[in-house]
Amino acid sequence: MTGRPVIEVAHLDKEFCLGELHRGRWAALARRLAGRPAEAGAVLKALDDVGFAVAEGEVFGIIGANGAGKSTLLKVLAGITDPSSGQAVLRGRIASLLEVGTGFHPELTGRENVFLNGTLLGLRQREIREEYDRIVDFAGLEKFMDTPVKRYSSGMQVRLAFAVAAHLRPEILLIDEVLAVGDVAFQRKCLGAMKDVAGGGRTVLFVSHNMAAVSSLCHRTLMLRQGRVAALGPTDEVIQTYIHSTEGVHARDEQGFVALHERKPLFAHSPLLLRAARLVDERELPVSSARTGEPLRVDVRVEGLDRFPSAVVGLTVRSVFDQKIFHFNTAMAGGFGSTARHAREIVRLEIPELPLMAGAYSLDLLVFEPGVRLLDRVDGAAPFDVIESDLYGNGYRGEAREGLIAVQGECRIAGEEAGA
């Protein structure tokens with residue numbers, strides 16, 4: 001980290017008492033009046049010894065599973081709730097988007113709320129008027145600015161709130177998962193605006209489950225697990241740590257198969273056809289990784305597929321950002337022809353040359369009747385890693401940030417430019 005820290009957090013704790021708060025207070029009072037010791041209530045430690053620093057102009061990511069303490073941390077930084085112990089120092093004017101409608105008075109119009117928020121940020125009326133047209137244009141709410149905010153949809157409220165926060169020049173911008181409410185086009189606009197905000201020397205703390213957005217925006221990221229700092233450092237490294245920490249431990253049987261998770265049938269009386277899966281190497285041994293440019297072999301244990309002779313078994317590979325990269329199925333490979341089908345069988349899907357850059361990926365598995373219906377599906381059935389290899393035969397290995405697909409091609413001097 002370079003630059004002057006505008007956010008410094010040290011030994012931050014936040015505890016919440018569980019149970020019925022008001023009943024607990026009356027019970028505690030009754031025990032004190034009776035001269036009996038108070039009972040200790042259950043306590044949830046939402047933040048536990050959290051510490052980090054953020055430089056001026058930095059876009060800093062915060063990730064973690066649900067309940068990890070991300071939103072609680074932002075509420076402490078925004079001054080909405082006090083820490084139980086420790087300290088958080090923020091140097092600068094703060095704007096926060098922590099939930100839909102934050103900072104808006106429902107009875108006031110959109111126009112009135114813009115001026116109210118600007119005033120709360122310490123701006124003069126003249127400064128707010130200078131930005132007003134840009135705010136309205138960004139939010140795309142020209143027709144609704146004289147309508148009370150209570151009549152806005154959640155998406156409209158988010159659009160206006162973000163436009164206000166991005167254009168009224170806060171020095172620190174705190175953003176929770178609230179952007180997920182907006183549509184795709186507006187999310188792209190918000191991501192671009194956050195880059196502009198950071199480029200102008202302002203600081204952004206960005207909480208999101210969208211790993212692609214975190215990766216594209218943030219140079220450094222903090223990962224929380226059960227209220228504690230689990231990882232802190234370059235964003236791509238922290239994202240890899242997060243992905244692997246959420247995979248869990250899958251028990252394998254004697255053949256190396258991992259049982260696929262329980263799920264509801266897709267339609268009434270539909271069987272669960274997909275039972276287990278494994279990745280294997282050229283020696284038929286189970287593995288959890290493959291190499292760029294080498295074969296990817298996936299064995300799928302299925303039951304009852306003999307009842308659906310036209311069914312196709314397929315796999316979809318996804319990135320850690322949940323991007324669908326490619327799909328492959330048995331129909332693409334020509335199907336099984338006249339091969340006899342069985343009540344229980346193992347279907348192998350093999351891609352001779354895996355075209356993926358090094359990184360973490362996952363497999364979705366599915367069975368469907370082409371043009372008719374989806375019979376069974378398991379998302380995230382098998383997480384796996386792709387390991388770099390000397391694909392090009394010249395020592396160049398490439399990096400995942402160059403793209404997810406590894407392609408091979410040729411280069412040559414096509415000729416000499418005249419006058420060169």
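- Here the side chains of Arg202 and Leu173 are not in contact, with every heavy-atom distance at 4.5 Å or above.
- How far CG of Leu285 is from CD of Glu282: 8.5 Å, rounded to the nearest 0.5 Å.
- In the displayed structure, Glu353 atom CD is contacted under 6.0 Å by at most 12 heavy atoms of other residues, nucleotides or ligands.
- Scanning all heavy atoms of the two residues, the minimum distance from Gly110 to Leu160 falls at CA-CD2, 3.9 Å.
- Arg111 places no side-chain N or O within donor-acceptor distance of the main-chain N or O of Leu108, the cut-off being under 3.5 Å.
- Residues Pro148 and Glu107 have side chains not in contact (no heavy-atom distance under 4.5 Å, counting atoms from C-beta outward).
- Between Lys75 and Thr81, the closest side-chain pair of non-hydrogen atoms falls below 4.5 Å.
- Taking both residues in full, the closest heavy atoms of Ala65 and Tyr242 are given as N-CE1, 3.7 Å, listed atom of the first, atom of the second, then distance.
- A side-chain contact (heavy atoms from CB on, under 4.5 Å) with Thr316 holds for exactly one of Leu365, Asn329, Asp364; it is Asp364.
- Between the CG atom of Asp13 and the CZ atom of Arg228 there is a distance of 8.5 Å, given to the nearest 0.5 Å.
- Residues Val298 and Leu296 meet the side-chain proximity criterion, which asks for heavy atoms closer than 4.5 Å.
- A distance-only check finds no donor-acceptor pair linking the side chain of Thr221 to the backbone of Val238 [under 3.5 Å].
- Phe60 and Phe52 have their aromatic ring centers within a separation under 6.0 angstrom.
- Not a single donor-acceptor pair under 3.5 Å links the side chain of Lys70 to the backbone N or O of Leu224.
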Salt bridge (charged side-chain N to carboxylate O under 4.0 Å, His left out) for Asp253 and Arg301? Distances and angles first, verdict last. CA-CA 12 Å; Asp253 64 16; Arg301 184 180 285 161; 3.0 Å; yes
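- Checking side-chain atoms of Thr203 against main-chain N and O of Gly57 turns up a donor-acceptor pair under 3.5 Å.
- Judged purely by atom type and a 3.5 angstrom limit, Ser389 uses its side chain to pair as donor or acceptor with the backbone of Thr292.
- By the 4.5 Å heavy-atom criterion applied to side chains, Val204 and Leu217 are not counted as neighbours.
- Listed here is the closest heavy atom pair of Leu391 and Gly293: CD1-CA, 3.6 Å.
- For the side-chain contact (heavy atoms from CB on, under 4.5 Å) with Val114, the lone residue among Thr109, Val136, Val164 that qualifies is Val164.
- One distance of note links NZ of Lys45 with CD of Gln226; it measures 13.0 Å at 0.5 Å rounding.
- Counting only distance, with no hydrogens or angles, the side chain of Arg225 and the backbone of Ala68 share no donor-acceptor pair below 3.5 Å.
- Distance CG/Leu354 to CD1/Ile387: 11.0 Å, rounded to 0.5 Å.
- Between Phe115 and Thr119 the shortest heavy-atom distance is O-OG1, 2.8 Å.
- Within a 6.0 Å radius of NE2 in His11, no more than 12 heavy atoms belonging to other residues, nucleotides or ligands are found.
- Asp299 CG to Glu350 CD: the interatomic distance, rounded to the nearest 0.5 Å, is 9.5 Å.
- Surrounding CD of Gln255 are more than 12 heavy atoms belonging to other residues, nucleotides or ligands, all under 6.0 Å away.
- A donor-acceptor pair under 3.5 Å links the side-chain atoms of Thr330 to the main chain of Val313, judged by distance alone.
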Inset, instruction - Would you sort out whether Asn117 and Phe104 count as a side-chain contact (heavy atoms from CB on, under 4.5 Å), showing the intermediate values? - result: CA-CA 8 Å; Asn117 274 262; Phe104 284 166; 3.6 Å; yes
ask   = Between Ile63 and Val214, is a side-chain contact (heavy atoms from CB on, under 4.5 Å) present by the stated rule, with each step listed?
value = CA-CA 8 Å; Ile63 62 175; Val214 174; 4.1 Å; yes
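- The shortest side-chain heavy-atom distance between Val386 and Tyr361 falls under the 4.5 Å cut-off.
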Take Glu56 and Arg91 through the salt bridge (charged side-chain N to carboxylate O under 4.0 Å, His left out) test and state the conclusion after the steps. CA-CA 9 Å; Glu56 184 177 10; Arg91 302 181 177 94; over 6 Å; no
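- Listed for the Asp376 side chain is a donor-acceptor partner under 3.5 Å among the backbone atoms of Leu274.
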Checklist entry - Checking side-chain contact (heavy atoms from CB on, under 4.5 Å) for the pair Met156/Leu141: CA distance, chi angles, key distance, verdict? => result CA-CA 8 Å; Met156 292 167 68; Leu141 298 174; 4.0 Å; yes
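- The shortest non-hydrogen separation linking Ala311 to Leu305 is CB-CD1, 4.0 Å.
- Distance check, rounded to the nearest 0.5 Å: CG of Asp379 to CG of Leu363 gives 11.0 Å.
- Using modelled atom types, one side-chain atom of Asn113 and one backbone atom of His105 make a donor-acceptor pair closer than 3.5 Å.
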Show your working on salt bridge (charged side-chain N to carboxylate O under 4.0 Å, His left out) between Arg220 and Glu237 and close with a plain yes or no.
CA-CA 9 Å; Arg220 289 195 310 135; Glu237 294 179 12; over 6 Å; no
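- Salt bridge Arg348/Glu284: present, at least one basic N to carboxylate O contact under 4.0 Å.
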| message | Go through it in stages, so that I can follow the logic: the residues are Leu73 and Leu77, the test is side-chain contact (heavy atoms from CB on, under 4.5 Å), and I'd like the CA-CA distance, side-chain angles, deciding distance and then a yes or no. | response | CA-CA 6 Å; Leu73 174 58; Leu77 297 179; 4.2 Å; yes
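- Between Asp137 and Glu142, some side-chain heavy-atom pair lies under the 4.5 Å cut-off.
- With Tyr152 contributing its side chain and Phe144 its backbone, the two residues share a donor-acceptor pair below 3.5 Å.
- The nearest pair of heavy atoms linking Gly227 to Val50 is O-CG2, 3.2 Å.
- Between Ile405 and Ile325 the shortest side-chain heavy-atom distance falls below 4.5 Å.
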